[in-house]
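Each remark here refers to the structure printed beneath this line.
Every chain is numbered from 1, with letters handed out A, B, ... down the list of sequences. Keep in mind the model is a prediction, meaning the values are calculated, not measured.
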Amino acid sequence: MEMVEDNKRLTRADLWTGIVFILLGLAVVYAAWAMPRLESRGVHPFAAPGVVPLLLGGLLTLCGSLLGWRALRGGALHRLPAEQSMRYLLGMVETRRLLVMVALTLGYTLILIGLVPFWTATALYVFVSIVVFEHFLSETPRPLARCASLAALQAVLVALVVTVVFQAGFLVRLP
Amino acid sequence: MFMLEGLGMLGDGILHFLTPLSLFNVAWATLLGIVIGMLPGLTATMGVALLVTLTYKMPGDQAILALICMYVGAIYGGSRSAILLNIPGTPASAATSLDGFPLARQGKAGYAMGLATTSSAIGTIVGIICLAVFAPLLAELAFDFGTYEFFWLAAFGMVISGQLTSVNDPLKGYIAGILGLLVAMIGMESLQAYHRFTFGVPQLSGGIDIIPAMVGAFGFAEILSVMRRRFDAKVLVSTDRVIPHFRDVWNYRRTAIRSGIIGTFVGVIPGVGEDIGSWASYAAARRASKEKEKFGKGSYEGLTAAETGNSAVIPGALIPVLTLAIPGSTAAAVLIAAMFIHDIRPGPMLMIENPGFLYQVVAMLLFTTLAITIYGLSMTKILVRVLAIPREKLMPVVYVLCVVGPFAITQRMFDVYVMVFFGLAGFVLREMKYPMAPIVLGIILGTLLDTSLRRGLLLTNGDPSPFFTRPISMLLCGITVLAILLSIPAVGRLVRRAFQAIGRLRKSSRNACP
């Protein structure tokens, strides 16, 4: 039963990704068509830089259409049962865990690095990650004081070891 | 004469690595590989990709040695968690858990791990023999390959990888492959130096580097999958004997050798890796077994087949790497990138430029096989303690390495952004059941496919006939078209029906004239 329901959601996703691939394929075809043919340099039209991208864009459009068509025939537009709805999906523990992990990693990579020295950013990220997942998002939360002190120790150790190894060992100037 | 020369070079290869430094590198890299393979969420490809970033300052031979040890160690290490947790440590061990976990529940976890160790060693040895014998022959053959043949080889690789890594849904395999090829189109192309799809971003003109992309797709994406799960798995304990009885190894010698050969063959197929090798060997063993009913319930034979099959893929995957620069698996794709970093150019010219290197690789594989055997039979019970590390503590550290690794090679944040992009995209695609291997293969083979096709057409001034008339081209073209046709469900059904009809005809004709 679960398998069938899972397939339904996947079929719906296939329809959307099919459309995305059609659009992406067409965009690639357009960009490839607009590439210079370099005829003035005596290049045969079949050997121009846009040839392979043109073929690939066409193939992607074809495959995207097949995927979308198959999903439509598989009932992609049928109503999903309530427990498959987007709102239910967003409320799941797994989804929350995933979103928190994405937020933490992106916050570390795109914001913290560059804003503060590498080792501080790393220590902060490791610390927050461990505390959030061991205490706040855990099914069996560990006491905050113990969890935070161990996390702090690990965070500082990891930050120091990585910084020293890469900076002194591999002579990398960390960001 | 040829064989003797080969043996001599193999001896040189072994002697080359019989130094304390090399043995030390074998020891730590294999151990690290086993640990990485054991931990669910850390795969061989990710381990090799991350280790490239840590070894790029080492001399080339030592760096490749460490990477191969990591590769073999990780594929072998995956069996530990497959047996003790019922979660394959790497996808390569999925078939191992079918019989390994039931054995662990019967209290034979240690014995299962011991048998997995000897099976892995046998698998690698069978693969090594094939590598040493067939790679020089294939390299010889590859000299006749021109630009036309390389085009078909790349096309065939993409088609077969798309098909075999997504057996239930080849369409998604093909889409994954096309996406990979499109990624390879980014940057300056080599024939007319035109910048494609760079959108004015200077960092894109060099193209997308494979290492950050792999660290993203196999590292970051896996971290997200592991952290999303609500519960951590429980580890079964092993208290029984580890070293397998000789009779158990000997009884299944046929299974082991058959699985080794199947694994090696699967390894040679571009972009089709250990997981498929393992499943194919397992299926073949079940079909041929006298004890079919035991499979899935704790069969020694099933475990032997799965573990021999996945380990044999590694040397198999290195055959096209060394002779054609075409990766046989995703980790092998990383190895190609690493070889280029260290100025070793794999491909047909390798046997001329650096004839000893092939045998050095054989020696590396021999050393690491010895290492996994020693570790596996002596330290199994200590090593499994690694499985007790909670993912909450481990994964943030792995992510830090995913960030710092790609940065270390080129020292630019752009590669870190590439890693993040491929991680998120890889995660989403994997959730929607797209295989990762064709994407990787596409990134590696895209340039070869593009330049071979256009160079061929430049040479003939637009005439495509050599692509279809040269003998090897014709053969490769035929296989590629056939593979595409067979993946279309309607054609597949038609062929099956035709075979059944032929079968019926034969039967009736035999009945008619006794």
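Only the side chain of B/Tyr434 comes within contact range of chain A, with heavy atoms under 4.5 Å apart. There is no contact between A/Leu62 and chain B, counting heavy-atom distances below 4.5 Å. B/Leu453 touches chain A through its side chain: at least one heavy atom from C-beta onward sits under 4.5 Å away, while N, CA, C and O do not. Residue contact with chain B, scored on non-hydrogen atoms closer than 4.5 Å, involves the side chain of A/Thr17 exclusively. The parts of A/Glu94 that come within reach of chain B are both its backbone and its side chain, each placing non-hydrogen atoms under 4.5 angstrom from that chain. Looking at B/Met185, the atoms closer than 4.5 Å to chain A (heavy atoms on both sides) all sit in the side chain, from C-beta outward. Only the side chain of A/Glu139 comes within contact range of chain B, judged by heavy atoms closer than 4.5 Å. When heavy atoms are compared at a cutoff of 4.5 Å, B/Val404 approaches chain A by way of both its backbone and its side chain. Interface residue B/Lys393: backbone and side-chain heavy atoms are both found under 4.5 Å from chain A. Proximity to chain A involves both the backbone and the side chain of B/Gln192, based on heavy atoms less than 4.5 angstrom apart.
You'll find the side chain of A/Asp14 reaches within 4.5 Å of the side chain of B/Lys172, heavy atoms only. Counting heavy atoms from C-beta on, the side chains of A/His44 and B/Thr460 never come closer than 4.5 Å. Side-chain contact between B/Tyr174 and A/Leu59 is absent, with no heavy-atom pair separated by less than 4.5 Å. In this structure the side chain of A/Leu24 reaches within 4.5 angstrom of the side chain of B/Leu179, judged on heavy atoms. Side-chain contact between A/Phe46 and B/Asn461: absent, with no pair of heavy atoms (C-beta onward) separated by less than 4.5 Å.
The most heavy-atom pairs under 4.5 Å with chain B, out of A/Leu137, A/Val162, A/Leu67, come from A/Leu67. In terms of heavy-atom pairs under 4.5 Å with chain B, the best-connected choice from A/Pro36, A/Ala48, A/Pro49, A/Gly64 is A/Pro49. For the set B/Arg454, B/Met395, B/Lys57, the count of heavy-atom pairs under 4.5 angstrom toward chain A peaks at B/Arg454. With respect to chain A, the highest number of heavy-atom pairs below 4.5 Å among B/Leu457, B/Ile175, B/Leu458 belongs to B/Ile175.
A/Pro53 and B/Arg196 make their closest contact through CD-NH1, 3.8 Å (heavy atoms, listed as atom of the first residue, atom of the second, distance). Considering all non-hydrogen atoms of both residues, A/Ala31 and B/Phe197 come closest at CB-CE2, 3.7 Å.
Heavy-atom proximity under 4.5 angstrom to chain B picks out nothing from residues 146-153 of chain A. Residues of residues 119-130 of chain A lying under 4.5 angstrom from chain B, judged on non-hydrogen atoms, are A/Thr122, A/Tyr125, A/Val126, A/Ser129, A/Ile130 in numerical order. Scanning residues 422-432 of chain B against chain A with a 4.5 Å heavy-atom cutoff picks out B/Leu424, B/Phe427, B/Leu429, B/Glu431, B/Met432, ordered by number. Within residues 97-113 of chain A, the residues having any heavy atom less than 4.5 Å from a heavy atom of chain B are, in residue-number order, A/Arg97, A/Leu98, A/Met101, A/Val102, A/Thr105, A/Leu106, A/Tyr108, A/Thr109, A/Leu110, A/Ile113.
Within the model, atoms CD1 of B/Ile178 and SG of A/Cys63 stand 4.0 Å from one another, a figure rounded to the nearest 0.5 Å. We find the CG-CG distance between B/Leu182 and A/Leu56 to be 5.0 Å, quoted to the nearest 0.5 Å. Between A/His135 atom NE2 and B/Glu392 atom CD the span is 13.0 Å, to the nearest 0.5 Å. With rounding to the nearest 0.5 angstrom, the NE2 atom of B/His195 is 12.0 Å from the CE atom of A/Met35.
The number of heavy atoms from other shown groups lying within 6.0 Å of CZ (B/Phe421) does not exceed 12. Other residues, nucleotides and ligands contribute only 12 or fewer heavy atoms inside 6.0 Å of the CH2 atom of A/Trp33.
Between B/Asp169 and A/Arg70 a salt bridge is recorded (basic side-chain N to carboxylate O distance below 4.0 Å).
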